[in-house]
Structure formats: structure tokens, C-alpha cells
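The structure appears below as C-alpha cells.
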Amino acid sequence: MTSDHSADAASHPEVAKPLDFIRQIVEADRAAGKHAGRVHTRFPPEPNGYLHIGHAKSICLNFGIARDYNGKCNLRFDDTNPETEETEYVEAIKEDVRWLGFQWDGEVKFASDIFPTLYEYAIRLIKAGKAYVCDLTAEETGAYRGKWNEPGRNSPYRDRSVEENLDLFERMKNGEFKNGEKTLRAKIDMASPNMNLRDPAMYRIRHAAHHRTGNKWCIYPTYDWTHGQNDSVEGITHSICTLEFEQHRPLYDWCIENLGIHHPQQIEFARLNLTHTVMSKRRLLELVRGGLVDGWDDPRMPTICGLRRRGYTPESLRNFCARIGVTKANSLTDLGVLEQEVREHLNAVAPRVMAVLRPIKVVLENYPAGQVELREAVNNPEDPAAGVRQIPFGRELYIDAEDFMEHPPKGYFRLFPGNEVRLRYGYFIKCHEVVKNEAGEVTELRCTYDPESSGGQAPDGRKVKGTIHWVAANGAIDAEVRMYDVLLTRENPGDTPEGADWKADLNPHSLEVLRGCKLESSLADARPGDRFQFERTGYFCVDSKDSQPGQLVFNRTVTLKDSWAKEKKKA
RNA sequence: UGCCCGGUGGUGUAAUGGUAACACUACGGAUUUUGGUUCCGUCAUUCUUGGUUCGAAUCCAAGCCGGGUAACCA
């Protein structure tokens, strides 16, 4: 087994690091020859909402294991509840999985594909005396189920004959009964300490159109009666799900064993929690329906489509999932880990560009009026192959308001009266005069430049501490830039006090829209989805929804690390 | 209240009876035409109490703490 492991590690460098506990199980199963060494997983979303970063963890796990062990991974929609599920979500989910970089095995699967099989299986259980039709209402069923510390009571319908059950079940299917009038239940143990084994429902009556089967069925199988059999039929070997299904596992196993069919192994892991982030579909839906965000793909949403629109790359999401690991321990991952991951990827691949977000005009009094020269700028210092570009320089420029202070604190080495700084790829400049408007705001700086410092080095060898970015006024592009911050101020939204509204923690500053930002002219051709580093500021991408040629809109993906901001905070 | 599952630096994980380690964060420093990147360094960890053992993060027991669980949701 040791040699097997190293062979795998050699052919799959990404699994060379210590294996998570699920991969350990998979390797042990392979070594033992279980399922003839075959590995087949599945990702089983319910099509009733959009995928989020927590799903990405599951996707990376399931598809990743299939890839690592030359196995397969199915994409299967768990569409057993016609009342909440819609085709709209199916398409969005497929797109998100593909965008993340994964391809499912064969056709997309649906739980509804096996409705006929499930029906046959149910008849098998009825014939074996292991399932019965129950007339109890939902409320009554709850009462009969008992409490945690007291056993339930048998349903008065529990001992119907096989013939009667068969007849009733068929009539349920034929639509002879109203919603909720009858259920088909597994006959297990009303005294089980595990509530899931107290005669769980297998079928309920719902006269509702299903997004795929239309009105063909009016009885629908429950999750518990569907999932394991679906795994079995698809030949799944390892059925990976989240912790809350752990106490369903005995039921999962019971169904399969009593049917005598292929037995996949259910394995549970802890779902992802992120600081400042809500992940439940209910809450996400609340944000969307309440108009608190701009839809499922609002760049502040933790949805895959939101992160995509925000500028996250599939690589960064996959790397994130690899970094956080897989365990059974509940945890809360710092959002900073996700942000660091996207910085790391974008640092390597994003072209650098100069953009002034909050412009202040700078006039170089000793620079010839009307003169324009081109300066050479490096596109990506991390990637020499990215080459260089020419950017215009002139007498009038914009710099960022943050790069000038009239009365700077100690340690500030950007521009202030009397101080000399370097304009990146340009010249040294010195500020002599501050022009303000009536409100006392700085509107213009009168500066001089040192013609000898062309290229950013002074021949006399004098040094400047600060280098700031700039955009020539002439030819600058105007753009809108959306500065995003966390959606929730509370670090752990799970800590919202009982009875309190979690939405009270919504961050009122989660979006700041900046208009009239000045961008270097090379950005004129930027296309939706293009990602850049705005030098010294952060990573930004062209919004895929609202940006237009000539009216560009950028989203801030993440800031650059900022040790000066940290310094200021300390003071 | 019953049952199930967890508990390792601030955070996320590793160590699978044999020197508690890695990453992130934080803090310090070097380099730097991005206060970015990169590099070097520092701080800091086995929930408690017993038991088994030459030896326990690891096995056992009890306790404590956290999570899940009583849809005809998934």
C-alpha cells in the first residue's frame, strides 16, 4: 500500500500532501479491492438555488477524488421536491461546475430519472412487509413519532396486509387521494433512538407539476428514499455528503440492504463556514428577494456566480478548497484565506495598469505645455513574457487623493508640500502649492518635476522614499469603480443572538461606488471579465453585467495588502 | 431531556502508539521604481481528569465544551 501511495503521489502531485480522511478511506478501499478498485463519486445539488463557495468545497472534493483515482464523478440533480425546484437553477449550476473547471461523467443525471425504479423498489419493500401505507396526517405522524427521550407509537395503519398496501400504494400513484392524505412509510422501529428510523416517509402525495416529469407523477419520493438508491443505481462507490446527514446513514444503509442492491458508502464531512458570510440558501434567497443585493450574482454574494463577477478565478477557488482541507470538525475559516488565494493567483497573471480612483489634479509647472511623451511601463513584473506598454505623460496629471496629505503623520512618505516623490515610470516631482475649493478640499496641486530624473532615477543619486501612480489628464479614461467590502460586519453570522435579525449586521458600506475615476488609456479595450491589478490599489475586473465600451465599470475583487493602512490603524 | 459526531497555536489543518509539524495571520527584519511581490526570522498548540503502556494528540473511561438531530425539505 505504501508503494501504491507513492505511485499515486508521483502521478498526481496535488495529492502528494497528506491525504484527507476521505481520500484515506478511498485508498484503503482500493487497496482492499473493494468495488474492484473502482472509484465513482457524485455531486448532488438540489436545483432550488445557486451554488456557493460551500458547494465549491464539495465539488472540488468529489470531482477531485474522481480525478485523483482515475474514477468518475456524476453531476446529479436531486429533484425530488417539485414545489421548490426549477430548470433555471439546473442551467446555472451546470455552468458553475464547468466554470470551476470540472466535467461530469456522461450525461447530467437527475433523481427524477429513476422515479420508475424507485416505484418498483417500493413495491419490493411492501411485498417484503417492510413498507406500508399510512393514513396519518403530517401532524399526527409527528405526534406518533415520540420525543428524543421517549419512544414513538406504532401507526394504527402499520399492520395492513401486503395486498391492501399494494392496492393503496397503486391508488396513491393513480391520483385517487389528495395531497397529504396518505404516505408510504418504511416499517423499521418506532422505538429507535435514531429518529430517522422511526418509520420514515418514503413517498408523499403532491399534485404538482415537476420541472422534468410534468404531471406524470403525483407521488414523490423523499430524500431518504431516493438518495441511496440513486447512488446505487449509478454505481457510486463513495457517497460524500455533509455532517447533518450522518444520522441518516443507518437509514441509507437500511434501504440498500433491504433491497439487496449495490451498496455505496456514505461519508460525511464538515461544511464550509466563512467569516462575515452567510451560506444558507434561505438567507441568500432573503438577500436576493429583499433586494438587499443585486441578485444571485451580486459581487458581494458568496455564490459561485457572485465570486465570478467579483473577479475570482476558478484556480483561486480550487486552491482555496485544497488549502482548507476536509475534516469532520466544525470550523470557521477566515475570509482572509480566500482573499489571499485570489491575490496569489492574480499576482501571477493579472496585467498591471495605473488607475486613479479618487483623482486630484497635478500640474507640473515647469513641464512644457502641450508636450506629450510616452513612458514605458512593465505589464507584469512577475511575468516577463507579458511585455511592456507605452503610456502617455504630460503637464497635467491625476494622482490619488490618498497619495497626498497637506499635514502628513509621521511615516507618511507619499506626496506632501516640500516632499519629493517618484511618479512610477515617470519623474521625480515636488509639491509647492495646494489649491483648494471653497469647502476646503484639495482640488489641485502645483508641482515641479526634475527633467533629469527621467525613468525614475536621479543622476545625482538622491533617493526618494515614495513612488506613486498617476494617469495623464490628456487621454485618461473615465470609469466607474465599485469598491466592495464584506456584506456582514459580524465575524461569525452563526453567532447572531436568538431572535435577533441577522440582517441587522448588514454592512452599510459593503459597496462604495466611485465615479469619475481616471484610468490609463490602454484600458479602453478592456472586455467584460478582464482582470487587472490597479497598481498599489488592488485587483479589479470589468463588470460582466453593467460595463459598456466607453462606459467601463470595474469591480474591486480584493485590495492589495497594505502595510501602511495597518500602520495607520495602529497609531 | 435521548441519540449521534466533534474538540491540536489566533485561524485552517498534519502527525494514524515513538522528537507535536505545515500554511495563513500577527510581529520583527532584508530587498524593492507597487507601503505589492519575494526572502529571512520571532511568538504561539494537543479541552479536563483518571486509566492502559517503557512511551498517548493518538487507545479506554468519565466529565466539560461545541455542533447536529424530533419536514410528508434536502
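None of these values were measured; they are calculated from a predicted model.
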- What is the nucleic acid contact for A/Glu268, judged by heavy atoms within less than 4.0 Å: base, sugar-phosphate only, or nothing? nothing

- Item | Strand partner of B/A61, provided both Watson-Crick or wobble distances fall under 3.5 Å | B/U49

- Taking the six-membered ring for Trp, are the ring centroids of A/Trp470 and A/Phe393 within less than 6.0 Å of each other? yes

- Any chance the rings of A/Phe540 and A/Phe554 have centres within less than 6.0 Å? no

- Query: Base, sugar-phosphate, or nothing: which does A/His248 touch, judged by heavy atoms less than 4.0 Å apart?
  - Reply: base

- Task: With sequence neighbours excluded, tell me which residues meet side-chain hydrogen bond (donor to acceptor under 3.5 Å, both in side chains) with A/His345.
- Result: A/Thr313

- Please determine, for B/U13, whether a Watson-Crick or G-U wobble partner exists with both distances under 3.5 Å, and give it or none. B/A21

- Item | Ring center gap for A/Phe245 and A/Tyr252 short of 6.0 angstrom | no

- Message: List the residues meeting side-chain hydrogen bond (donor to acceptor under 3.5 Å, both in side chains) with A/Ser331, not counting sequence neighbours, and say none if there are none.
- Response: none

- Task: Return the value, rounded to whole Å, for the distance between atom CD of A/Gln266 and atom C1' of B/A74.
- Result: 12 Å

- Does any pair with a residue in residues 200-209 of chain A pass salt bridge (Lys or Arg N to Asp or Glu O under 4.0 Å), and if so which ones, sequence neighbours excluded? A/Glu83-A/Arg206

- Would you kindly give the NZ-to-P distance between A/Lys147 and B/C3, to the nearest whole Å? 17 Å

- Counterpart residues, side-chain hydrogen bond (donor to acceptor under 3.5 Å, both in side chains), relative to A/Lys465 (two or more places apart): none

- Atom C1', compared across B/G6 and B/C43: separation rounded to whole Å: 29 Å

- Query: Considering every strand shown, what is the Watson-Crick or G-U wobble mate of B/A56 when both distances are under 3.5 Å?
  - Reply: none

- Considering only B/U69, B/C72, B/A74, which nucleotide approaches the side chain of A/Gln247 most closely? B/U69

- Now, which nucleotide makes the Watson-Crick or G-U wobble pair with B/G2, with each of the two distances under 3.5 Å? B/U69

- Tell me: NZ of A/Lys328 to C1' of B/U69, nearest whole Å? 14 Å

- Item | Residue pairs involving residues 136-148 of chain A (criterion salt bridge (Lys or Arg N to Asp or Glu O under 4.0 Å); sequence neighbours excluded) | none

- Tell me, please, which residues at least two apart from A/Asp400 pass side-chain hydrogen bond (donor to acceptor under 3.5 Å, both in side chains). A/His469

- Message: Distance check needed: B/G68 P versus A/Leu243 CG, whole Å only.
- Response: 10 Å

- Message: Categorize A/Ala201 for me: base, sugar-phosphate, or nothing, with a 4.0 angstrom heavy-atom threshold over every strand shown.
- Response: sugar-phosphate

- Query: Stacking check: are the rings of A/Trp148 and B/U69 less than 5.5 Å apart at their centres and under 30 degrees in tilt?
  - Reply: yes

- Task: Tell whether A/Asp334 reaches the base of B/U11 with its side chain through a donor-acceptor pair below 3.5 angstrom.
- Result: no

- Report which part of the nucleic acid A/Phe245 touches: base, sugar-phosphate, or nothing (heavy-atom distance under 4.0 Å, all strands). base

Polar atoms only, N or O, under 3.5 Å: list the protein pairs with nucleotides 56-64 of chain B and their distances.
none

- Item | Summary of protein contacts for nucleotides 13-18 of chain B, nucleotide by nucleotide, where a base hit scores B, a sugar-phosphate-only hit scores S (4.0 Å, heavy atoms) | SSSB--

- Message: By the side-chain hydrogen bond (donor to acceptor under 3.5 Å, both in side chains) test, which pairs, at least two apart or in different chains, include something from residues 176-189 of chain A?
- Response: A/Asp135-A/Lys182, A/Arg171-A/Glu176

- Query: Would you call A/Val278 and A/Leu488 a side-chain contact if the rule is heavy atoms closer than 4.5 Å?
  - Reply: yes

- Query: Roughly how many Å is it from CZ in A/Arg145 to P in B/U69, rounded to a whole number?
  - Reply: 14 Å

- Message: Would you say that A/Thr213 contacts A/Trp217 through its side chain, given a criterion of any heavy-atom pair below 4.5 Å between the two side chains?
- Response: yes

- Would you please say whether a donor-acceptor pair under 3.5 Å links the side chains of A/Lys281 and A/Asn48? yes

- Query: Hey, can you pull the residues of residues 179-189 of chain A with a non-hydrogen atom under 4.0 angstrom from RNA chain B?
  - Reply: A/Gly180, A/Thr183

- Query: Taking only N and O in the side chain of A/Arg271, is any of them less than 4.0 Å away from OP1 or OP2 of B/G68?
  - Reply: no

- Message: Judged by each residue's nearest nucleotide on RNA chain B, which is more toward the 5′ side, A/Glu246 or A/Thr141?
- Response: A/Glu246

- Pick base, sugar-phosphate or nothing for A/Lys566, based on heavy-atom distances below 4.0 Å to the nucleic acid. sugar-phosphate

- Between atom CG in A/Leu61 and atom P in B/G12, what is the gap in whole Å? 18 Å

- Counting Watson-Crick and G-U wobble pairs only, both distances under 3.5 Å, name the nucleotide matched with B/A26, or none. B/U42

- Query: Say you pick atom P in B/U37 and the same atom in B/C24; how far apart are they, in whole Å?
  - Reply: 11 Å

- Task: For B/C4 versus B/C39, give the span between their C1' atoms, rounded off to a whole number of Å.
- Result: 49 Å

- To the nearest angstrom, how far is A/Leu251 atom CG from B/C72 atom P? 12 Å

- Assign A/Arg206 to base, sugar-phosphate, or nothing according to its heavy-atom contacts below 4.0 angstrom with the strands shown. base

- Would B/A71 be called syn or anti, given that syn covers angles within 90° of 0? syn

- Who are the salt bridge (charged side-chain N to carboxylate O under 4.0 Å, His left out) partners of A/Arg42, not counting sequence neighbours? A/Asp231

- Task: Report the distance from atom CG of A/Asn149 to atom P of B/C4, rounded to the nearest whole Å.
- Result: 14 Å

- Pairwise side-chain contact, A/Leu274 with A/Phe320, heavy-atom cut-off 4.5 Å (strictly under): yes

- Message: So A/Leu335, base contact, sugar-phosphate only, or nothing? Heavy-atom distance under 4.0 Å.
- Response: nothing

- Query: Do A/Tyr89 and A/Tyr50 have ring centroids that are under 6.0 Å from one another?
  - Reply: yes

- Task: Between protein and nucleotides 34-43 of chain B, map the contacts as a letter string: B base, S sugar-phosphate only, - none, heavy atoms under 4.0 Å, written 5' to 3'.
- Result: BBBS------

